[in-house]
Amino acid sequence: MALIVQKYGGSSVADAESIKRVAKRIVDTRRAGHEVVVAVSAMGDTTDELLDLAGQVAPIPAPRELDMLLSSGERISMALLAMAIHSMGFEARSFTGSQAGMITDATHGAARIVDVTPVRLREALDEGAIVIVAGFQGFNRDTRDITTLGRGGSDTTAVALAAALKADVCEIYSDVDGIFTADPRVVPLARKLARVGSEEMLELAANGAKVLYIRAVEYARRHGVLIHARSTFSSGEGTWVLDASKTSPLVPEGDTMEEPIVAGVATDLSQAKITVIGVPDVPGKAADIFKIVAKSGANVDMIVQNVSAAATSRTDISFTLPKTDAATALRALAAEQSEVGFESLVHDDQIGKLSVVGAGMRTHSGVSATLFEALSMAGVNIEMISTSEIRISVVVRGVDLAEAARLVHTAYGLDGDDEVTVHAGTGR
Ligand code: ASP
Ligand code: MG
């Protein structure tokens with residue numbers, strides 16, 4: 001008997017039929033003798049619809065009330081799911097985030113889990129019930145208010161429950177079959193990975209892969225939670241997120257446990273680039289610029305500084321950040337222009353980022369040469385480069401991104417034999 005946490009995304013519980021299908025899957029797991037805890041997302045596009053409604057009654061909805069509103073989406077699906085399980089003759093009990101002991105900080109809309117006290121869940125499990133928990137939400141002890149964890153937060157709920165209950169596995173169900181070597185909508189010859197290391201998964205998620213949310217992957221890595229990403233619509237194996245050095249009785253022996261040089265190619269069209277032109281090349285200017293940007297709340301990703309022109313002793317500094325943060329960052333910089341002494345600002349939201357990720361990069365040379373060669377053969381110009389120990393990222397024109405990803409995928413020998421059938425999946 002194992003303790004299994006299952007998370008079902010919004011697309012898996014989009015309507016009554018889907019809820020019944022999920023209920024059957026949960027009951028099958030229970031029938032196999034396992035204890036089951038389920039974290040569930042709001043039905044289909046409920047969260048977006050609620051956000052839209054809020055926007056119609058208030059230009060800037062109060063964060064506390066927005067969390068009250070959004071958390072209701074998951075309460076609907078959890079109760080319906082419990083009812084569906086009852087009608088199959090099994091005992092199920094649903095719990096809100098606060099009933100489940102999801103204690104967070106007080107940050108509305110982006111709360112972080114600080115503690116999980118699943119006392120009531122453990123009791124319900126001991127009484128033989130299937131436990132259903134509303135994903136994406138928690139409770140702050142100081143303000144005594146309901147919080148939400150940020151978009152896609154149900155993954156984090158599931159992983160945090162798995163950690164607190166010492167579950168054997170956290171199964172994350174969505175409408176895609178697992179983690180692929182690239183987004184199959186961009187690279188049709190992408191292959192499903194049987195297994196991926198947690199550090200690689202973290203880099204893939206941070207650089208555009210959408211199947212698992214980065215915070216959930218971080219949490220799982222920190223707490224040693226085994227993740228199995230799989231599809232609600234098939235019974236096949238998905239992808240196990242487990243480091244090469246580790247084993248689990250649940251994970252089938254892979255044909256190769258060697259760390260892949262390249263595990264996957266991630267693509268990201270969600271970033272913009274800001275270039276600060278004519279920055280005086282003296283100590284302290286980069287600090288000034290990035291203090292202003294940080295204060296505006298923007299999350300800077302890549303940074304490049306050019307060599308300064310000898311004649312002017314001025315340089316250009318470019319950086320990337322989420323498109324959604326760009327306007328605020330530009331405004332903040334413009335307000336301090338004379339203080340910092342730069343000449344102008346350029347905003348470019350037509351960029352694409354391509355990242356190659358693999359734990360084997362640590363011990364292999366020539367990985368970047370393959371990337372640059374593939375891009376040069378495609379005539380794709382590289383605008384920025386950044387690397388970590390197990391990742392190389394480049395910024396290119398957004399229109400070139402898909403073609404570049406396909407060529408790079410081929411260059412690293414990642415192509416599968418057949419095109420992946422994409423069931424219009426969203427990965428949620
Ligand atoms: N319902 C929330 C969202 O759409 C949380 C989730 O789906 O994980 O972001
Ligand atoms: Mg959702």
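When a ligand or atom number is given, it counts from 1 through the structure's own listing order.
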Enter the distance from L81:CG to E74:CD here, rounded to the nearest 0.5 Å. 12.5 Å
Enumerated ligand 1 atoms positioned under 4.0 Å from heavy atoms of S41: 6 (C), 7 (O), 8 (O)
Report yes if some N/O of D155 lies less than 3.5 Å from some N/O of ligand 1; otherwise report no. no
For ligand 1, is there an N or O atom under 3.5 Å from any N or O atom of K7? no
Would you compute the distance between atom CZ of R222 and atom OG of S198 and round it to the nearest 0.5 angstrom? 12.0 Å
In Å, rounded to the nearest 0.5 Å, how long is the span from OG1 of T232 to CZ of R21? 8.0 Å
Check this for me - ligand 1, G152, N or O atoms closer than 3.5 angstrom, yes or no? yes
Name the orientation class of the two ring planes belonging to F290 and F319 (parallel below 30°, tilted from 30 to 60°, perpendicular beyond 60°). perpendicular
Any heavy atom of G73 sitting closer than 4.0 Å to ligand 1? no
Could you list the atoms of ligand 1 found under 4.0 angstrom from a heavy atom of R151? 3 (C), 4 (O), 9 (O)
Going by distance alone, is a donor N or O of one side chain under 3.5 Å from an acceptor N or O of the other, for T107 and D105? yes
